[in-house]
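Take a look at the structure below.
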Amino acid sequence: MKAVVAGASGGIGQPLSLLLKACPLVDKLALYDVVNTPGVTADLSHISSIAQIEGYLPADDGLKKALTGADIVVIPAGIPRKPGMTRDDLFKINAGIVKGLIEGVAEHCPDAFILVISNPVNSTVPIAAEVLKKAGKFNPKKLFGVTTLDVVRAETFVQSITGEKDPAKTVIPVIGGHSGETIVPLFSLAKPAVKIPEDKLDALTNRVQFGGDEVVKAKDGAGSATLSMAYAGYRFAEKVMKAAKGESGIIEPTFMYMPGVPGGEEIAKETGCEYFSVPVELGKDGAQKAHNPIKDISEYEKKLLQACYDGLKGNITKGVEFVANPPQK
Ligand SMILES: NC(=O)c1ccc[n+]([C@@H]2O[C@H](COP(=O)([O-])OP(=O)(O)OC[C@H]3O[C@@H](n4cnc5c(N)ncnc54)[C@H](O)[C@@H]3O)[C@@H](O)[C@H]2O)c1
Ligand SMILES: O=C(O)C[C@H](O)C(=O)O
């Protein structure tokens, strides 16, 4: 299994590369960034794990060399938020970065699993899909927007109510998109079941929806979530790799092009959003089945979904438009 991290020298990229270097499922790890990959690669190369590591800069066909032969490409490249910014404020710079990297993927490793972390995920995943479509290389089962951090936050924050010692033992689906009100945690479907007192539900939901802002504020200008994101990105990448190697029964929420995933057509119709995050069953070739939890959710959660749809549709259209009508330079 060859894994690539694009944006490997950054706040997420470095700890994510560390986790992948230590992962026994990874035989080869290629690090790509526009700066500092020689140093990060030299440092990680001293770790006595299986993965052979290589680092590349853009010079001398670095992107091509990094991507050739890749089975999984994880993309945390792009600028992070500062206090007062929304994720959409990152679009102007990150849209072009993601477009360029995906053009490289389309050319050099079109069969790889692609995991997009770069924000705004609600728009960068549609950008990636449109670039791949243009190149005739789009496999919707292999393009994932990483929303695992929302799931990780829901598991963690509900612990104050459940008292469960190991927060990861409570499974909570989080659906929709990845920004503010488009993030919809479904505590009513928690497994094992969780009884949230009515007077605590708003605050808990809000904390999951705006967990990113909590970190941005605390970092006070020094960026957004990096370490928890590296954990979440690794957790999702590991699941994709385990499923690719034949492990069954792996289900995790992720933001995908619904009409291209079995079971997803109905979700796209019901939500009016072509891209949506739902729990997806992973298999050897990527997404095997999108699960639709919407019919089973509470009235409270149905209201959250209504607020999600409007924002999400606009974000998706913005991404699609960016590729269809590129801004003039
Ligand atoms: N999906 C999520 O849940 C989630 C969570 C946290 C952060 N993010 C997003 O992840 C992105 C990265 O965050 P960060 O804190 O690591 O930022 P960072 O600035 O620390 O790192 C970004 C890295 O990308 C590199 N880069 C820029 N242009 C590149 C290109 N064309 N090719 C390769 N690398 C390039 C930079 O050199 C830098 O090393 C941001 O957009 C942030 O909003 C997403
Ligand atoms: O909040 C951000 O900008 C980063 C990330 O999307 C997060 O949820 O932490």
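All figures in this text were calculated on a predicted structure; none of them were measured in a lab. Just so you know, ligand 1 is whichever comes first in the structure, and atom 1 is the first atom listed for that ligand.
Side chains of Lys318 and Ser123: no donor on one and acceptor on the other come within 3.5 Å. Using modelled atom types, one finds a donor on one side chain and an acceptor on the other under 3.5 Å when comparing Ser277 with Thr147. A side-chain donor-acceptor contact under 3.5 Å links Glu301 and Ser188. Under 3.5 Å, the side chains of Asn315 and Tyr275 contain no donor-acceptor pair of N or O atoms. Inspection of the Lys21 and Ser45 side chains reveals no N or O donor paired with an N or O acceptor under 3.5 Å. Gln52 and Asp27 share no side-chain donor-acceptor pair at under 3.5 Å.
Ring geometry for Phe276 against Tyr309 counts as tilted: the plane angle lies between 30° and 60°, on a 0 to 90° scale. The aromatic rings of Phe236 and Phe144 lie perpendicular to each other, with more than 60° between the two planes, well past the 30° mark.
Atoms CD and OG1, from Gln14 and Thr37 in turn, are 10.5 Å apart once rounded to the nearest 0.5 Å. The line from CD1 of Ile93 to CG of Asn119 is 13.5 Å long, rounded to the nearest 0.5 Å. For the atom pair OG1 (Thr271) and CD1 (Ile294), the distance works out to 6.0 Å, reported to the nearest 0.5 Å.
Applying the 4.0 Å criterion to heavy atoms of Gly11 picks out, from ligand 1, the atoms 16 (O), 18 (P), 20 (O), 21 (O). Listed by number with element, the atoms of ligand 2 under 4.0 Å from a non-hydrogen atom of Ser224 are 2 (C), 3 (O), 4 (C). When each atom of ligand 1 is checked for a heavy atom of Thr226 under 4.0 Å away, the hits are 15 (O). Each of the following atoms of ligand 1 lies closer than 4.0 Å to a heavy atom of Leu90: 43 (O). Short contacts between ligand 1 and Val35, defined as distances under 4.0 Å to a heavy atom of the residue, involve ligand atoms 37 (O). For ligand 1 and Ile79, the ligand atoms under 4.0 Å from any heavy atom of the residue are 40 (C), 41 (O), 43 (O). Heavy-atom contacts of Gly212 reach the following atoms of ligand 2: 1 (O), 7 (C), 8 (O), 9 (O) (cutoff under 4.0 Å). Of all the atoms in ligand 1, the ones that sit under 4.0 Å from a non-hydrogen atom of Asn94 are 41 (O). The atoms of ligand 1 that sit less than 4.0 Å from any heavy atom of Val121 are 1 (N). In the vicinity of Ala225, heavy-atom distances shorter than 4.0 Å reach the ligand 2 atoms 9 (O).
With hydrogens left out, the protein atom closest to atom 6 (C) of ligand 1 is Ala225 O, 3.3 Å, a heavy atom. The protein non-hydrogen atom at the shortest distance from atom 1 (N) of ligand 1 is Ile117 O, 3.1 Å. From the protein, the heavy atom lying nearest to atom 5 (C) of ligand 1 is Met229 SD, 3.1 Å. Looking only at protein heavy atoms, the nearest one to atom 21 (O) of ligand 1 is Gly10 CA, 3.2 Å. Ranking protein heavy atoms by distance to atom 36 (C) of ligand 1, first place goes to Asp33 OD1, 3.4 Å. Counting protein heavy atoms only, atom 13 (O) of ligand 1 is closest to Ile12 CD1, 3.5 Å. Among all non-hydrogen protein atoms, the one lying nearest atom 6 (O) of ligand 2 is His178 NE2, 2.5 Å. Atom 32 (N) of ligand 1 has Tyr32 CE2, 3.6 Å as its closest protein atom, hydrogens excluded (heavy atom only). Nearest protein neighbour of atom 1 (O) of ligand 2, counting heavy atoms only, is Arg81 NH2, 2.6 Å. Looking from atom 22 (C) of ligand 1 to the surrounding protein, the closest heavy atom is Gly78 O, 3.2 Å.
Counting heavy atoms under 4.0 Å from ligand 2, residue Met229 does not touch it at all. Only side-chain heavy atoms of Asn119 come within less than 4.0 Å of ligand 2; its backbone N, CA, C and O stay farther off. Only the side chain of Arg153 comes within 4.0 Å of ligand 2, judged by heavy-atom distances. Counting heavy atoms under 4.0 Å from ligand 2, residue Leu149 touches it through the side chain alone.
Assignment of Met85 to the shell around ligand 2 is not supported, since no heavy atom sits closer than 4.0 Å. Taking 4.0 Å as the cut-off, Pro76 counts as a neighbour of ligand 1 on heavy-atom distance.
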After noting the C-alpha distance and the side-chain angles of Asn122 and His178, does the key distance pass the side-chain hydrogen bond (donor to acceptor under 3.5 Å, both in side chains) rule? CA-CA 6 Å; Asn122 294 356; His178 177 69; over 6 Å; no
Give the intermediate values and the outcome of side-chain hydrogen bond (donor to acceptor under 3.5 Å, both in side chains) for residues Thr148 and Lys239. CA-CA 11 Å; Thr148 322; Lys239 289 192 176 187; over 6 Å; no
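A salt bridge links Glu130 with Lys133: at least one charged nitrogen is closer than 4.0 Å to a carboxylate oxygen.
Taking any N or O of Ala77, backbone or side chain, none lies under 3.5 Å from an N or O belonging to ligand 1. Close N/O approach between Asn119 and ligand 1 is found [any backbone or side-chain N/O within under 3.5 Å].
Remark: among candidates His178, Arg81, Lys219, the nearest residue to atom 3 (O) of ligand 1 is His178, based on non-hydrogen atoms.
Aromatic ring centres of Tyr257 and Phe138: separated by under 6.0 Å.
Although no hydrogens or angles enter the test, the distance criterion places no donor-acceptor pair under 3.5 Å between the side chain of Asp60 and the main chain of Gly62. Judged purely by atom type and a 3.5 angstrom limit, Glu164 has no side-chain atom pairing as donor or acceptor with the backbone of Gln159.
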